[in-house]
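Report on the following structure.
Bear in mind the structure is a predicted one, so any value in this text is a computation, not a measurement. Sequence lines set the chain letters: A, B, ... in the order given, protein chains first and strands last, and positions in each chain run from 1.
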2 protein chains.
Amino acid sequence: MNFKESHTLILNNVARFIDLTELEKQKYISLLAEVKVKKKAYLMQAGEIAQYEYFIAKGCLKVYTLDEDGAPHISMFAIEDYWTGDMASFMTKEPTRYFIKATEDSELLGISRSNYGLLFQEIPKFERFYRILYQRSLISYIRRSNHGISLDAVERYIAFKKKYPKVVNRITQKDLAAYIGITPEFMSKIISKVNRM
Amino acid sequence: MNFKESHTLILNNVARFIDLTELEKQKYISLLAEVKVKKKAYLMQAGEIAQYEYFIAKGCLKVYTLDEDGAPHISMFAIEDYWTGDMASFMTKEPTRYFIKATEDSELLGISRSNYGLLFQEIPKFERFYRILYQRSLISYIRRSNHGISLDAVERYIAFKKKYPKVVNRITQKDLAAYIGITPEFMSKIISKVNRM
DNA sequence: TAAAAGTCTTAAACTAGTTCATTTTTTTTC
DNA sequence: GAAAAAAAATGAACTAGTTTAAGACTTTTA
C-alpha cells in the first residue's frame, strides 16, 4: 500500500462527521506522520510518554497493560479504520501504562501533540469531528464496561464474536482470553463448549 | 437553592474549558430546563427515550441497569458538578436500558435534544467544550474499566473510597456493592475485613 | 411512636473461574 | 523442511465470590 491509499482512508473516516475543502484536506494530511510497524514490534511501551494519536490504515494491533503479577489485560484490538493510542498520556504528558504491539504488519497515520493543537487552530471544524468521535467512543465504552460486569465469560465471548466477527479470526485464543478477562485455559474450555452447542 | 446559584455552578463548569461573553452566557442559560427530583424519584426509566442530558447542581443520583435476573448494576453515582443521562439513547433515540434514581432530593439543569443541536449552531465554541468534556470522560472511563478487570473486589472498594471519599458516606452499602460488582453480603464481609486491617 | 420495610451481619454450602502440570498441535525461524 | 518456540487442550486441586437463610439493626411511614 502506498500512502495515497491511507490518505483516502483517513479522509473518508473524517468525512463521516465533517466536510473539508480540498485545501483543508491537504492541510490536514500535511499534519500527519506516516508510521509502519512490523508484526511483534511495539508502537508504544509502558513508561513512555505518548507523542502521537494513531489512525490505522492497515493491520492489527493489541493495546494492553500488565498487572502486578505480569499478566496482560488487553483493552482493545485496533484494526483498519480505527483510532488508537493512549489519550490520557497524550493529553497529560504522564507516562503511559500501556503497550501497543502489532499482531500483523501495520501501517498507521499519526498526529503529534503539537499538530493536534494546531489542527484546532487551523481548521476549527475538527473540534466538531473530535467531539463526535469521542462522544461515540464514550457510548461504546460505556456499553462495553456494562457488558463486562453483567455478563459471564461465555456470554462475553459470544458477544465479542458477534460484534467483531472479522477480528476473532485474526487474533490468538490467548489474546482473546486476555481481552475477555479470563485465563487461556478457561478460554479453551469455553470455545470447545460453545462449538459443541 | 434558587436558580441563580445553579446557573453560576454550570457556568463555572463550562468556564473550565471555554470563555463565554455575557451574551453567550445568557443565551446558554436560556437553552436549559430546570428540573427537581425528590429522593427515590426517577429521572429516567428503562424503555424511555432520553430527552435530556443533565448537569447536577445539587443532590445525588444513581445510574443503573437491571440484568436478566433483575439484579441492579450501578454504573455511576452522579453528584454536584457532574453530568449525567444516557448519551446513547439521547443521540440515537433508541430506548434506554438505564434507570436514574435520586438518592437525595436533587436539582438539575437539563438540555433537550433540540437545544443541544441549537447550541452548536448558536455558540460553536461549545463544540470545543464538549470535545474536551467527552475526551476527559473517555479517559476516566478507560481507566475505570481497566481497574474493573485487573483489581479484585477489596482493591476496587479501597480504590473507590480513595477516589470518591465524599460519595461513600452518602450511599448505602448495598448500592456500593451494586457499583463494585459484588453481592451486598460479600460487601459486608469486605468492609468488616478492611476495617479490621 | 409503633409497625413495616429495608439494610446489615454472619455462616454454611456451592460454583465460576484459577492454578498448576502435562501432552498435543500449530506456527515460526533458520 | 527440521528444530525450536509458542499456542491450544485436558484434567485435577483450589479459591474468590455467590447463594440461601435467618436474625439484628435502622430508617421510613402512617
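In summary, the aromatic rings of A:Tyr116 and A:Tyr130 are positioned with their centroids under 6.0 Å apart.
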Between N or O atoms, less than 3.5 Å apart, protein on one side and nucleotides 13-15 of chain D on the other: list the pairs.
none

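Within residues 173-185 of chain A, the residues approached by DNA chain C to less than 4.0 Å at the level of any non-hydrogen atom are A:Gly181, A:Ile182, A:Thr183, A:Glu185, in residue-number order. Within residues 98-105 of chain A, no residue has any heavy atom under 4.0 Å from DNA chain D.
Annotation for B:Arg170: atom CZ counts as buried by contact number, over 12 foreign heavy atoms lying within 6.0 Å.
Note on the helix from C:dT1-D:dA30 to C:dC30-D:dG1: terminal axis deviation equals 70°, with five pairs used at each end and the result rounded to 10°.
Looking at every heavy atom in both residues, A:Phe55 comes nearest to A:Ser6 through CE2-O, 4.5 Å. Scanning all heavy atoms of the two residues, the minimum distance from B:Phe90 to B:Gln51 falls at CE1-O, 3.5 Å.
In this structure, CD1 of B:Ile190 is placed 14 Å from P of C:dT10, rounded to the nearest angstrom. In this structure, B:Tyr157 places its OH atom 15 Å from P of D:dG17, rounding to the nearest Å. Atom CG in B:Leu151 sits roughly 11 Å away from atom P in D:dG17 (whole-Å rounding). In this structure, B:Asp67 atom CG and D:dT18 atom C1' are separated by 13 Å, rounded to whole Å. The separation between A:Asn195 atom CG and D:dT10 atom C1' is 16 Å, rounded to whole Å. The distance from atom CZ of B:Phe186 to atom P of C:dA11 is 15 Å, rounded to the nearest whole Å. In this entry the distance linking CD1 of B:Ile191 with C1' of D:dG17 reads 15 Å, nearest Å. The CG-P distance, from A:Asn169 to D:dA7, rounds to 17 Å in whole Å.
Residues A:Ala153 and B:Lys40 each lie close to DNA chain C; by heavy-atom proximity, the contact nearer the 5' end of the strand is made by B:Lys40.
Taking B:Ser114 as the reference, B:Ser112 meet the side chain to side chain contact (heavy atoms under 4.5 Å, CB included) condition, with sequence neighbours excluded. Annotation: side chain to side chain contact (heavy atoms under 4.5 Å, CB included) contacts of B:Ser106 (sequence neighbours excluded): B:Leu61, B:Ala102, B:Leu108.
Between B:Met187 and B:Ile190, the closest side-chain pair of non-hydrogen atoms falls below 4.5 Å. The shortest side-chain heavy-atom distance between B:Glu107 and B:Lys36 falls under the 4.5 Å cut-off.
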